[in-house]
Amino acid sequence: MDFHLNRRAAIGALGALGAATALPASPARAAGPPSDPRGVRGRMTGADAAVAALCCERVSCVFGVPGAQNNEFWDAMKSGGLPYLLVTNESSASVMADASARATGGVGVFSVVPGPGLSNALTGIGEALLDSVPIVGLFTDVDRRPGAPAFQVHSTPNAPILRPMSKAVLEIKHAAQVPSLIHDAFRIARSGEPGPVAVILPFPILTEAWDYDGVAPPPYPAPFDEQAYRRAIGLLSDRRARVGIYAGMGCLDVGPALACAAEILQAPVATSVSGKGAIPDFHPLAVGWGYGAQGTRAAERAFKEVDIVLAVGVKYSENSTASYAIPDRGKVIHVDANPNNIGRNVPACVGVNADARLFFDRLIRDAGAVRRPVDPGLTRRIAHHRAVDRRENAKVRITQGVDPMAFLLQLRAALGPDELIFVDVTTASHWAAEAIDLAGPRRYFTPANNQSMGWAIPAAIGAQKVRPDRVVASISGDGCFLMSGMEMSTASRAGLPVKFFVLDDGAYHYMQMLQEPSFRRTTATELARVDYGAFARGMGLSYNQIDRNDDLPAGLARAVGTPGPVLTRVVISYEGRAIRWLDAAKSAYLRKLPADQKVRLGVRVASRALDRNPDND
Ligand SMILES: Cc1ncc(C[n+]2csc(CCOP(=O)(O)OP(=O)(O)O)c2C)c(N)n1
Ligand SMILES: [Mg+2]
């Protein structure tokens, strides 16, 4: 480590003096905690131990906002050379941690103060919880020792708020526990079904010194239920049964094994929304997302021929099934790292509590028992249906303003196969799931299950911070933009060249689509008109605008080609293109609606249909 004396080191040394009362035997501290890949060793403060543990875990960035309870930690990050990114609101800190994990396959980290910092961060924590993303939140806390003063600033209860939102809440009670509990948090976040873990670190511990002699523990073993696996193989060994694989987020990092298993089984592979990219879209057995009326037509058709669905690392969530509209396709073998996910929404004939990698690796070793002869007819049919899908998607159907599908397809082409696309909670998200082809995993990101509007803007910034080698684009509706647009200032401050796209229709079109058929009017859906050019200038971004389909090629080239962060307003129109997801969800909803509710709905719709001037807003 370099020990040359500069301003930063001098400030660090002054900081060390501040902690001198707690560090009687410490040698002069220069450039932060020693970073030992084996574990945290030596005498240091709790703040330095936390930084050393995070360095040990190879954290690429800590996202957050400093405050009185964690300034010591932020200072230690600087001394320790641990990269950090200041955000405008803690709601972005947890989202950026989540996105950095999704973009890299690692664990994302954020640091916030208790009270408002914690509550602001909850939405992003919820997204990581429902979307199974490993993140670690460091919540510095007020002084809770016996005799500590009452009514401290930010003293809302942390652990009780965090517990239902997290896989685990680890409370550090003594400086000695700092590295070991941080390592535990990473192990728990990654293990089984990944998710968010909270570490609560009271601020007095940050300045306490301790002699550490730790070793970072190995990861928890991945689950594998041998007996259930054998039952699954027994079922798959009936070679008359045609198999379809439904791959979720749990398959993202096992793409080659998934493709190999599909070839052995001669199985078409559909993915959930979050599993998009687990198999490259150009693989001859890849059929796109979903396998019901909500997904691609190719997936729907291919799975009509299937007798056994092998569902791996997938939850059959409301979003991925269009409100549980997934069709019954015979027997389901459900493989998941979390036993509580198995058979929850779709009954499983065999449930296998196993990690996707272990499951596919074993299946490949046992290929002899389950292998099907190569079926050229199957891949021909898939190629045909996918070509039909792509042709249909490429037809421009909307000419007033920009057709969202044309925008999505041309953006994909302008970016190239390896760049990262973040899709927000907008009408266009369903077309994006259908039409954006992927060359591999961790290139397409969406808040699938907590569906927090505005997620894509901070998420794209967080991903860009840890993937400087990629172009990162975010696609948000104008409603989403209004939720988190201020975070764009972070991109310009930190020089992160994200390409932000706002699909501007002046409304919550999604809500209008849901409200109009049921209420024959819209309520609370019209948005403020925003001067996006002025906003971009105010935030320090370049500005770009696309008004018509004809502008798309040049407008997208400008967005991608302009250095630094760019805000592009896309004047969008949604009328005139069907949404398969919505149609599937609507028919599932109506099918399940009790008779008396159907009558009530019918009467309201009929009576309001007579109103020539509906009271829309
Ligand atoms: C935080 C949050 N609040 C409310 C919702 C409900 N919601 C889902 S989509 C949507 C409208 C999105 O508007 P916009 O970004 O303009 O996209 P558009 O619907 O116009 O495509 C709303 C209000 C949500 N998902 N998240
Ligand atoms: Mg809108």
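We count ligands from 1, going down the list as the structure has it; atoms in each ligand are counted the same way.
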Quick one: side-chain contact (heavy atoms from CB on, under 4.5 Å) partners of V471, sequence neighbours excluded? L415, E419, K499
Would you please name every residue forming a side-chain contact (heavy atoms from CB on, under 4.5 Å) with S489, sequence neighbours left out? T88, M539
What is the name of the N/O/S atom of D478 that is nearest to the Mg ion (ligand 2)? OD1
Determine which of the N, O or S atoms in D505 is closest to the Mg ion (ligand 2) and give its atom name. OD1
Might you list the protein residues in contact with ligand 1, defined as having a heavy atom under 4.0 Å from one of its atoms, sorted by chain and number? V425, T426, T427, Q451, M453, G477, D478, G479, C480, M483, D505, A507, Y508, H509, Y510, M511, Y574
Considering residues at least two apart in sequence or located in another chain, which fulfil the ring pair (Phe, Tyr, Trp, His ring centres under 6.0 Å) criterion with H334? Y316
Does any part of the side chain of K315, heavy atoms only, come nearer than 4.5 Å to the side chain of S132, both counted from C-beta? yes
May I ask you to decide if R470's main-chain N or O and Q464's side chain share a donor-acceptor pair within less than 3.5 Å? yes
Could you label the plane-to-plane angle of the F303 and Y291 rings as parallel, tilted or perpendicular, counting under 30° as parallel and over 60° as perpendicular? parallel
In terms of relative ring orientation, are F445 and F422 parallel, tilted or perpendicular, with 30° and 60° separating the classes? parallel
Within A507, is some N, O or S atom less than 2.8 Å away from the Mg ion (ligand 2)? yes
